J.: 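Just passing along the structure, written as structure tokens.
Predicted model only: the values in this text are computed from it and were never measured. The residues of the chain are indexed from 1 along the displayed sequence.
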Amino acid sequence: MRVIAAIALVCMAPSAHADPVSPDEEVARRGYAAGVEAYDRGDFTTALQQFTAAKAARPHPAFDFNLGRCLDRLGRWKEAADAYERFLAARPDAPNAVELRARVTELRARHVDTNVPVADPVTVQPKHEVLTQPPQHHYRLAAELVLGGAVLAGVAGGVVYGTAYHDFSKKRDTCMGTCMPSETTSIRNEVHSRTIAAGVLWGVAGAALVADVALWILDSRRASAVQARFDGGAVHF
């Protein structure tokens, strides 16, 4: 049976102007962090204990989801179904509500009919299946790097063009009409080549800016999708 994907628990640090963290909140934070760590290494019994302690300190429906995941992995079908149902009762519109209800039905049947063969619940251990921190925005880092490259290319193009124009003006003023045609042609060819180089650099800068805008758009859409996916069971510390 396909394992139901989890939603995420958002743990946000208090702002500089927020009230000091309460003792219960601190206990819940520590229990949550220890629970996620234990779950990720496959120690579901310890994870269950930690999430239980966190919920006792600060009751929240999201902890019932985590408890359900641990109990599900431990093969404690009825208790897992009970935990999922507590979560669904508080979050009926959770993004994964349909899948969870199907899972509850399956676990209830599995509890009644103990002859149903099931896979070892510890065989698969997906990382961060319980409610945990949202992933970092990888597009944002790429966008910042591309923007830096665009700025550098644009500045380099300006420097190349500016020096080419300056050198041409200086040599032209030095000649004062006395330069041979071949010398004038040589000066013009050099300026032309450097102007082309400047144009290439500006073209690279323009392309980089276009790519940068696309990366920021992707980052914005990804952040919106992640937030929509996490809102169903978010706990804000």
J.: Can you name the nearest heavy-atom pair linking Ala28 to Ala54, along with the distance?
T.: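 Heavy atoms of Ala28 and Ala54 come nearest at O-CB, 3.6 Å.
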
J.: To the nearest 0.5 Å, what is the distance between CZ on Phe87 and CZ on Phe63?
T.: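 If I round to the nearest 0.5 Å, the distance is 12.0 Å.
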
J.: With the threshold set at 4.0 Å, does a side-chain nitrogen-carboxylate oxygen contact exist between Glu85 and Arg108?
T.: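 Salt bridge: yes.
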
J.: Would Leu74 end up clustered with Phe51 when hydrophobic side chains under 4.5 Å apart are linked, directly or stepwise?
T.: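 Yes, Leu74 and Phe51 fall within the same hydrophobic cluster.
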
J.: On a heavy-atom basis, which atom in Pro92 and which in Ala89 lie closest, and how many Å separate them?
T.: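 Answer, listing the atom of Pro92 first, then Ala89: CD-O, 3.8 Å.
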
J.: After noting the C-alpha distance and the side-chain angles of Gln50 and Tyr32, does the key distance pass the side-chain contact (heavy atoms from CB on, under 4.5 Å) rule?
T.: CA-CA 7 Å; Gln50 294 294 339; Tyr32 162 78; over 6 Å; no

J.: In Å, rounded to the nearest 0.5 Å, how long is the span from CG of Leu107 to CD of Glu79?
T.: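 Between Leu107 CG and Glu79 CD, I get 11.5 Å after rounding to 0.5 Å.
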
J.: Taking the side chain as every heavy atom from C-beta outward, state whether Glu106 and Trp77 have any atom pair closer than 4.5 Å.
T.: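 They are not in side-chain contact.
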
J.: NZ/Lys78 to CZ/Arg110 distance, rounded to the nearest 0.5 angstrom?
T.: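 One gets 16.0 Å once the value is rounded to the nearest 0.5 Å.
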
J.: With Arg86, which residues qualify under side-chain contact (heavy atoms from CB on, under 4.5 Å), at least two apart?
T.: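 Arg86 satisfies side-chain contact (heavy atoms from CB on, under 4.5 Å) with Lys55, Asp64, Leu67, Asp82, Ala83 only.
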
J.: Roughly how far, to the nearest 0.5 Å, is the CZ atom of Phe44 from the CZ atom of Arg76?
T.: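 These two atoms lie 13.0 Å from each other.
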
J.: Verify whether one side chain among Asp72 and Tyr84 offers a donor that lies under 3.5 Å from an acceptor in the other.
T.: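 Their side chains do contain a donor-acceptor pair, which is all the 3.5 Å distance test asks for.
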
J.: Name all residues meeting the side-chain contact (heavy atoms from CB on, under 4.5 Å) criterion together with Val155; count only those two or more places apart in sequence or in a different chain, and write none if there are none.
T.: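 Scan of Val155 (side-chain contact (heavy atoms from CB on, under 4.5 Å), adjacent residues dropped) gives Val151, Val159.
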
J.: Just how far is it from atom CZ of Arg58 to atom CD of Glu26, taken to the nearest 0.5 Å?
T.: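 Arg58 CZ to Glu26 CD: 12.0 Å, rounded to 0.5 Å.
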
J.: What heavy-atom pair brings Pro61 and Arg91 nearest, and what distance separates the two atoms?
T.: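 Answer, listing the atom of Pro61 first, then Arg91: CG-NH1, 4.2 Å.
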
J.: Taking side-chain contact (heavy atoms from CB on, under 4.5 Å) as the definition, give me every residue that meets it alongside Ala38, ordered by chain and number, with sequence neighbours left out.
T.: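 Ala38 satisfies side-chain contact (heavy atoms from CB on, under 4.5 Å) with Arg41, Asp43, Thr46, Ala47 once adjacent residues are dropped.
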
